[in-house]
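Some notes on the structure that comes next.
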Amino acid sequence: MKNKRLVMIPGPTPVVRSIQDQMGRETVAFGDPDFVKDYRELIGDLKDLWETQGEVFVVAGTGTLAMEMAISNTTKRGDRVLVVSHGYFGDRFVGLCENKGLEVEVLKSEWGQIVPVAAIEQKLKEKTYQAVTVTHVDTSTGVAAPIEAIGRMMKQFEETVYIVDGVCATGAEPEKVDAMGIDVLFTGSQKAFGVSPGIALLWAGPKALKRREALGTIPEFYVDFEKWLPIMQDPSKYFATPAVNLVWAMKESVRIMKEEGLENRYARHLKVARAMQQALEGLGFKVLADPGHRAVTLSNLVYPEGIDDGLFRSTLAEEGIIVAGGLAAYAGKMFRLGHMGNIDMHDLVSVLATIERSLHRVGYPVTLGSSVGSFMKAMLD
Ligand SMILES: Cc1ncc(COP(=O)(O)O)c(C=O)c1O
């Protein structure tokens with residue numbers, strides 16, 4: 001008999017039944033008054049929950065589209081951008097900005113560590129940058145950037161727009177747009193919102209909106225804030241077809257978040273992450289991220305000596321659990337396990353038990369039940 005399949009990669013994350021049901025509804029016209037009402041409520045809730053006096057954009061697309069939207073609306077050809085990179089997704093901004101004709105400088109950390117806030121401040125004091133990008137959680141390393149401290153520091157640099165990639169963080173790691181000095185925050189539907197892929201979400205604070213205005217006409221069309229602003233302010237208007245069923249799914253996701261409470265949701269993610277990380281360390285894995293900068297959304301687990309990545313992950317998959325491999329220099333040396341969104345406690349226990357079973361099957365010594373016991377104990381404390 002085959003086990004139920006659990007997709008535990010760091011996005012897409014498991015989609016709960018009530019969200020799936022929204023995606024399975026009969027699609028209506030985007031001008032349907034009930035749909036317009038739902039879309040308007042979703043936009044209002046997102047603005048309130050992430051606390052901005054600016055605007056939120058809910059458009060069909062992925063996280064990468066949102067990255068492009070953030071850069072396109074805040075910079076013009078020849079501008080200078082500082083990319084703070086803690087891994088693969090931080091680096092993604094480099095190519096994106098270079099293609100746009102921006103002058104890019106990069107501050108990189110060792111994988112697993114962060115660029116110190118003082119190093120960013122030093123760079124910003126040396127010359128003027130029109131934008132700084134920071135990836136809140138880099139999915140390749142499992143490192144969480146100190147976005148609040150960076151935002152506090154950035155307040156002295158009036159001419160610099162602060163862009164935060166929240167793709168692997170928003171909805172799980174604490175974020176408040178205006179209070180944290182963030183000018184642009186964005187994410188995708190498939191991570192901590194627990195919806196299928198296909199929606200890009202972007203919050204633009206007052207400073208980012210002013211910057212967009214100052215740019216005049218921009219070369220991009222679909223991602224232009226000015227094309228979408230009339231729709232975000234009045235969703236009965238049309239610019240490009242909204243992803244009707246995904247908008248409903250997002251609305252259900254936000255309803256779940258409101259029911260749980262964002263602060264409770266953040267606390268739950270923290271508790272689960274630390275319990276999972278401790279349990280997995282007990283089995284012999286090493287968490288790549290420094291203890292002071294570990295994300296709550298996923299764990300990047302470096303193999304102990306003697307485990308073959310391909311064999312381990314295919315054994316896990318046979319047992320029903322799908323995890324992601326390491327990227328770049330960590331390909332073959334680590335696996336990545338997502339534990340964000342509307343994750344189920346029964347599933348987490350099963351994941352640990354299955355990891356133990358798979359370790360046993362590939363010949364690695366394991367005390368069966370040890371990680372499960374450690375996790376359950378930590379969750380009860
Ligand atoms: C931190 C981060 N930024 C950006 C992206 C790109 O998002 P997408 O794959 O939805 O285009 C990802 C994808 O995993 C990510 O983890």
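Note that ligands are numbered from 1 as they come in the structure, with each ligand's atoms numbered from 1 the same way.
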Only heavy atoms of [X], strictly under 4.0 Å: list the atoms of ligand 1 that pass.
X	answer
T64	6 (C), 7 (O), 8 (P), 11 (O)
V137	1 (C)
G63	7 (O), 8 (P), 10 (O), 11 (O)

Sub-4.0 Å heavy-atom approach of H136 to ligand 1: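 Judged by the 4.0 Å heavy-atom criterion, H136 does not count as contacting ligand 1.
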Close approach, D138 and ligand 1, non-hydrogen under 4.0 angstrom: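 It does not, in that no heavy atom of D138 comes within the 4.0 Å cut-off of ligand 1.
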Carboxylate-amine/guanidinium proximity below 4.0 Å for K100 and E220: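 Salt bridge present between K100 and E220.
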Test of ring centre spacing under 6.0 Å for F335 and F285: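 Centroid distance F335-F285: below 6.0 Å, so yes.
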Hydrophobic cluster partners of L327 (side-chain heavy atoms under 4.5 Å):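 Answer for L327: Y88, F89, W111, L288, V302, Y330, M334.
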R336 side-chain N/O to T141 backbone N/O, donor-acceptor pair under 3.5 Å: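 Looks like no, no N/O pair under 3.5 Å.
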Donor-acceptor pair, side chain of R274 and main chain of A378, under 3.5 angstrom: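 Not a single qualifying donor-acceptor pair exists.
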Closest approach of any protein heavy atom to atom 16 (O) of ligand 1, naming residue and atom: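 Ranking protein heavy atoms by distance from atom 16 (O) of ligand 1, first comes T139 OG1, 2.3 Å.
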Within-cut-off N or O pair, R92 and ligand 1, under 3.5 Å: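 It does not: no N or O of R92 is found under 3.5 Å from an N or O of ligand 1.
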Nearest option to atom 5 (C) of ligand 1, as decided by whichever heavy atom of F186, F93, F89, Y88 sits closest: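 Shortest heavy-atom distance from atom 5 (C) of ligand 1: F89.
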